[in-house]
Protein chains: 2
Amino acid sequence: MSTTNSRRRAIGLLLRKSDGVTDALTFSFICIGPILNEAYVQSAIEGHGESPKEPFSWFDLAMSSNEWCSSIVGILTDVNHYLEGEDEVLAHRARQLLHREIEFTHHVSLPCVVVELKMNTNYINLAKIVHAFASAGTLSQHFWVKIPLEFADEDESWINEGDDASVPEESSWMVWNRFRSLCNHEPKIFPTLALSVNLPNETIIRRWMGEQVKCIYISPQCFISNSKGYPVMNKRHQLVVKQFMELGAQAIFDPKGLDSSANLTPYHQYIDFIQCSPFDPDIFGRDEYSGIQYTSGYEDYLQCPLQPLQDNLESHTYEVFEKDPVKYELYTDAVHAALLDMVPDEEKESRIITLMVVGAGRGPLVRSSFRAAKRADRRIKVYAIEKNTNAANTLLHLNEREWCGEVTVVNVDMRDWKAPEKADIIVSELLGSFGDNELSPECLDGAQKFLKAGGVMIPQSYDSYIAPVMSSKLYTEVRKMRDLFKNMYSNFETPYVVHMKTRYTIDTPKLVFSFVHPKEDINETNERYTVLNFRSQEECIVHGFGGYFECKLYGDIIMSILPSSFSKGMFSWFPIFFPLRDPIDIGKGQNIKAHFWRCASKSSVWYEWTISSPRSVAIHNPNGRSYTISKV
Amino acid sequence: MSTTNSRRRAIGLLLRKSDGVTDALTFSFICIGPILNEAYVQSAIEGHGESPKEPFSWFDLAMSSNEWCSSIVGILTDVNHYLEGEDEVLAHRARQLLHREIEFTHHVSLPCVVVELKMNTNYINLAKIVHAFASAGTLSQHFWVKIPLEFADEDESWINEGDDASVPEESSWMVWNRFRSLCNHEPKIFPTLALSVNLPNETIIRRWMGEQVKCIYISPQCFISNSKGYPVMNKRHQLVVKQFMELGAQAIFDPKGLDSSANLTPYHQYIDFIQCSPFDPDIFGRDEYSGIQYTSGYEDYLQCPLQPLQDNLESHTYEVFEKDPVKYELYTDAVHAALLDMVPDEEKESRIITLMVVGAGRGPLVRSSFRAAKRADRRIKVYAIEKNTNAANTLLHLNEREWCGEVTVVNVDMRDWKAPEKADIIVSELLGSFGDNELSPECLDGAQKFLKAGGVMIPQSYDSYIAPVMSSKLYTEVRKMRDLFKNMYSNFETPYVVHMKTRYTIDTPKLVFSFVHPKEDINETNERYTVLNFRSQEECIVHGFGGYFECKLYGDIIMSILPSSFSKGMFSWFPIFFPLRDPIDIGKGQNIKAHFWRCASKSSVWYEWTISSPRSVAIHNPNGRSYTISKV
């Protein structure tokens, strides 16, 4: 089976000891258990476990190591009854059995083993053992925790036999959450879901989309017969299977209830058909970036936000952003509208608009401005201001080759420029994923001094938004980013630019900060503080906040990465993610109170953030200790 | 060009500003310079460098980023005359020029830039700039330091114009070594060698094999014409080119002296022909492992030595070692010879030899022993002692399936076993790359108590050897292994198992430690201390010591990874490498005095090592603080 994010997922077969292996070969892998011989387990529980005279498990020479590690998933023996029982002697033997079993799976290099959780059951000793193995740094093996998509009355196999109550006390997600919290959210432990015959409501399904579901188990009971007698699924089951596979889950067909002679191929083919079908994959959670060529491969991949003010962008970075098919069209429209508003038809020959592109890069906004002027039939005089000397070299080449020497190229920081005249229009593209996070406000404050009274700045304003997010994937990725050279929390006190795919957005985004250009009073501060309240529909965990911007370029021309007003097809920005150091449990219907600050010193700008309800946690990034955006 | 270790190396073309680009397209990449426009350099040195009105370098939009970063290597402008001159104003302008030039190469993402060194010249300010860029953690660009394979009278282009003496004061390697020492041996700085018309002696060439030579420049002067008028090389030039390309160097054809209309294709084809030819690649330094399928891909790859006593081996590790085509044949021969020595022909029916395999793993020595007994026509009774419970499971399966229940499988540590009888022959395979480093002496001390008086142990003895080694590649690899959880020196105080490919063996290996089994006095210590003296033929650097073993299995049956007695075709062991924390400069003909200790406590065994001449350095791994081999 594959642990990478390739498009086509493996489909496996679940085998119980007594099943035949008919048809197994058409599947990519086999999930089989228990791993220990039954007789051995019996004898070990009775106290005869040491120095066995018979083999206690599989014959490793039956297959090559490559075959073991690419085609077998093992299911652990269920000894929970002893493990959590009152008899300490039996509990000790059960612990030893599980240790021996897991060590055997290391011996044959199984890439993952399955532990199954039932409802209303105590799993604390199982968690202790799984946590001990999963947190050992040297082992690469994964644990797959098997649990139903939701506990349901009709499916009694998930109900613990010892328990009288048949009504679930907690949802299956809560059982999983309890188990993995005991295991310190270890990155090697993943939920795997048995598809239920009756599907739960959409919020419950969407909540699972915030987890890294590695596998879904599909039984014959999830199928119906079509008119030709072939097994098929109803629309809703299809969508659920499709969506989990899109998010990286593999599938395991569990032939429970079928005869051992049954033909499994139609089931296998149908599951493969679902994953290859071009269904709308976003039914359970929109993905604004799906289908855009340049964004694939970036799913859930953390990037540190660019700091174009501090660091010169490289040529290939300009190259990628210049390819955006939407952004520069919007800018052309904005300049076009501004020129028409500013110059009445009768002045189109006599009046020359002085237009300055500040932060011109390799010239895409110069090009948009010329295009807008031509379309509007207005005359413009263009300045291109760029602090990056290497990009200025490109602008000088372009001015010779493409712009007939008409552009005045100035290699200077816009904040330091002594302009020879004032501008009617100042155009810039200084926004980051969170709007102001690349210091557009500070830079444009510097440029405003060479804007004429009554002149226009494009963009005219921008707003940033946040929404609380559950994503065990992003949490795991942030956890991996430990930075040796900063403080012990620095990876959790840094925002990341990321295409958030594996996520559950707990509530809709709300406005955090706003900026308007030109400012009425240039001395007005760019610091901000905002409190926001969100509400969770179901129990969940907050791992952090997704951040977005919406920008008014000019008049009614909007450029946005906010889901509700997203500029379709634009790929220049992924959202930003502000992590929280500890995952915070949220109850059903509970309020989440978030606080965001934008702070500034002489040399830098930074954000601080926290939540104060349902409980208060430490304010993140105090005094910019982990992350600042340099002004100099 | 490729920076990976793939078999076929790229061949590039060197272009000077004035050269045409005829034929350039048949080459994989182009090496071109200088990067800054000449007029700009002139004007900047005169003090008019800021805010140029003309482009100062190449037009980046002329190619895509992909093309820039895969097909262009830039050569820096030579401003050394100003950089090291007395005029501080000019030196400052030269520094700024080099900064601007290197920053431009980052802008267009050049994977590497070339700096050229001449002899008898001061490069300290160039080193300062290169070091500052190369040590910046965020940059991935490499620096290629261009220097001739050896300075030679006939090739005056390498002699600094300002210098009167035409006799080299130092070899080209020493110029390189001086430069990279100033640059703190930064891993991103590599030597690249211009092939000289007159080749230096073999030791000089072999010394370069200890460096990571990334590229060789080949000029038309290195070719001769064959009878058909085609350019070819003499045998020695061919071998040198072949050997450097085998070690990972790319080639750059430098058409200096040819007309701009000359046809370069025959030169290109000939260089490609050399690298594809099946010459003996080991002419300048033997590689015992070349041609063995299982060892390819492991060149210069550091592995932590196994600790089979502390950690159970996994099934796939047994699987790999069981495939050795030589080792088990040698064991079969050894058991065969011992059986014949022990049992005269007339007793072959009546006498049953008790043979115990201690550390039986998945049974290969059991199989060798049965094969030897059959071939010798002698009767044996076999015990298989194995502490790893998972391997014992395999032995139990094998005993049922292959050995008709004839083997007594015991799952116990040999040191704790209460044997029901004593053995005539005890067979083991407990050796590591350095002989005793997997604690064979300690384990066999435990087994000796169940050996009959006059019984035989196979192996009967083993010796370990070391040799001083120069390898900037291994030094760089060790430097990367920083272990966060131990002390700041731990990566340099740990031996590594490694197929040493990029290396210069400074002197032949010498005996360090010896062990004999059975011991005459079981209480004799396994601790050791040895002093060794080596001599260097040429100036060089010691980066550490290569370690080997030679083992007497029985009588004259030798199993060895020592180069002089290597068991050809055997791949179970690569050598071991003991690093030194600081590279130590060694003069021509100087003595290297090395000290090695084998130390033991109740719970572990470890090595300490150092050198005391030509200078004393700290004893490595005191008290086993960085690396121990656990006995428990």
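A, B, ... follow the sequence lines: proteins, then strands. Residue 1 opens every chain. All of these numbers come straight from a predicted model, not from anything done at the bench.
Looking at Glu400(A), only its side chain comes within 4.5 Å of chain B, counting heavy atoms on both sides. Using a 4.5 Å cut-off between heavy atoms, Leu313(A) contacts chain B through its backbone alone, with no side-chain atom that close. For chain B, no part of Thr317(A) is nearby; none of its heavy atoms comes within less than 4.5 Å. Both the backbone and the side chain of Asn390(B) come within contact range of chain A, judged by heavy atoms closer than 4.5 Å.
Summarising the geometry, atom CZ belonging to Phe59(A) is positioned 4.5 Å from atom CZ belonging to Arg401(B); distances are rounded to the nearest 0.5 Å. Distance CG/Asn393(B) to CG/Leu36(A): 9.5 Å, rounded to 0.5 Å. Rounded to the nearest 0.5 angstrom, Glu314(B) CD and Cys69(A) SG are separated by 10.0 Å.
Environment of CD in Glu54(B): sparse, with no more than 12 heavy atoms of neighbouring residues, nucleotides or ligands closer than 6.0 Å. Residue Met481(A) places its CE atom among more than 12 non-hydrogen atoms of other residues, nucleotides or ligands, all under 6.0 Å distant. Environment of NE2 in His48(B): crowded, with over 12 heavy atoms of neighbouring residues, nucleotides or ligands closer than 6.0 Å. For His99(A), the NE2 atom counts as densely surrounded, since its 6.0 Å shell holds more than 12 non-hydrogen atoms of other residues, nucleotides or ligands.
The shortest non-hydrogen separation linking Pro55(A) to His397(B) is CB-NE2, 3.3 Å.
No side-chain heavy atom of Thr394(B) sits less than 4.5 Å from a side-chain heavy atom of Trp58(A). Annotation: side chain of Arg100(A) is in contact with side chain of Thr389(B) (closest heavy-atom distance under 4.5 Å).
Asp413(B) pairs by the salt bridge (Lys or Arg N to Asp or Glu O under 4.0 Å) definition with Arg415(B), not counting sequence neighbours.
Side-chain contact, Asp60(B) with Ser315(A): a donor N or O sits under 3.5 Å from an acceptor N or O.
Partner of Leu61(A) under the side chain to side chain contact (heavy atoms under 4.5 Å, CB included) criterion, chosen from Glu402(B), Glu319(B), Arg362(B): Arg362(B).
Proximity to chain B at a heavy-atom threshold of 4.5 Å picks out Glu103(A), Phe104(A), His106(A), His107(A), Val108(A), Ser109(A) from residues 102-109 of chain A, in numerical order.
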